[in-house]
Amino acid sequence: MSFRPDPFLLCLLATLGVATVLPCRGAAVPFFTTLAVVLIALMFFLQGARLSRAAVVEGMTAWKLHLTILGCTFLLFPLLGLGLRAVMPGLLSNDVWMGVLFLCCLPSTVQSSIAFTSIARGNVPAAVCSATASNIAGIFITPILVGLVLAKQGGQTGGGLSIVLQLLLPFVAGQVLQPWVGEWARRNRKLLSFSDRGSILVVVYTAFSEAVVNGLWHRLPPTQLAAIAAVDCGLLAAVLLVTRYGSQMMGWSREDEITIIFCGSKKTLASGVPMANVLFPSATVGLVVLPLMLYHQIQLFVCAILARRFAREAESHE
């Protein structure tokens, strides 16, 4: 069989290339930020319009699934981060290790977790509830975890309202309007797929542009960047293995397994950077968020490949 590269992965690579050569600056930043918000809101609206009420209620009441995902996000990650530092303390500088541990204490992403779950044919209603709950809970849990893990006093950020307005409100609107637009949304599945993938590409471009503008390629020597990337890859690989085989051992269905994998392995860049500005001295924020910036790109690449693989497996069984 001939090798055929995944078109979406090629789009991700192209997006990173464009962000490196032509990052958005100045007046373009609010434009792309707004565009990302609009596409994400559209994605949530279409999800709400397409999903049946019974499926949404089932997703909201899957408390065991939500606790499993929250355990991966706020327990498994910090333990893995502490273990890596104990085994290889000299691999990274203290400030960078601080950034790795801070990364481990962050909540999950929302939009990309749900988008990848949707692409992979997972349990989308449960993903909406779990990812959103993780992000809101992280506003309170992350500072406490940072205090425990790094022996620092943490603050809190007021991002909960924006999460509700930008993500839950469109989803609820789609549910309310489902009697009128639900059948149309189900017939036009390609439009929903375009919204999922388009939102991810815009978020990748916006986030990576910010990293490039802030001197991503000049802050550290290539060897240190490679070490950070290796630690990030090790963290992601360990969590993916635990969520994949752990969910199978616990007897979760294929759809729930996919939800656990994608919601339990993500870390948010959008909430992480503002939190870092509150929790750490300004002189160290740059190095603290660098592992998060790299992890964010790595998780999108790897999960894009996994999502397409799960989608092909689902299509082959239909």
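All values below were derived from every heavy atom in this structure, side-chain atoms included, with hydrogens, water molecules and symmetry-related copies excluded.
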Check whether any side-chain heavy atom of [X] lies under 4.5 Å from a side-chain heavy atom of [Y], and answer yes or no.
| X | Y | result |
| --- | --- | --- |
| I305 | F301 | no |
| N94 | R85 | yes |
| T73 | I69 | yes |
| C303 | S265 | yes |
| F77 | L106 | no |
| I260 | M250 | no |

Acceptor/donor pairs from residues 139-146 side chains to any protein atom, 3.5 angstrom cut, sequence neighbours excluded:
{"residue": "T142", "atom": "OG1", "partner": "C105", "partner atom": "O", "Å": "2.8"}
{"residue": "T142", "atom": "OG1", "partner": "G138", "partner atom": "O", "Å": "3.1"}

Who pairs with F45 by ring pair (Phe, Tyr, Trp, His ring centres under 6.0 Å), at least two apart in sequence or on another chain?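 Listed in chain order: nothing, the list is empty.
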Any chain of hydrophobic side-chain contacts (each under 4.5 Å) joining L82 to L92?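 Yes, same cluster.
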Consider only side-chain heavy atoms of I, L, V, M, F, W and Y, link residues closer than 4.5 Å, and tell whether V29 and V213 are in one cluster.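 No, it is not one cluster - the side chains of V29 and V213 are not joined through contacts under 4.5 Å.
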Kindly give the heavy-atom pair with the smallest separation between W97 and P89, and that separation in Å.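 Minimum heavy-atom contact is NE1-O, 3.1 Å.
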Could you list all the side-chain hydrogen bond (donor to acceptor under 3.5 Å, both in side chains) pairs where at least one residue sits in residues 228-246, not counting sequence neighbours?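 Residue pairs passing side-chain hydrogen bond (donor to acceptor under 3.5 Å, both in side chains), neighbours aside: R244-E257.
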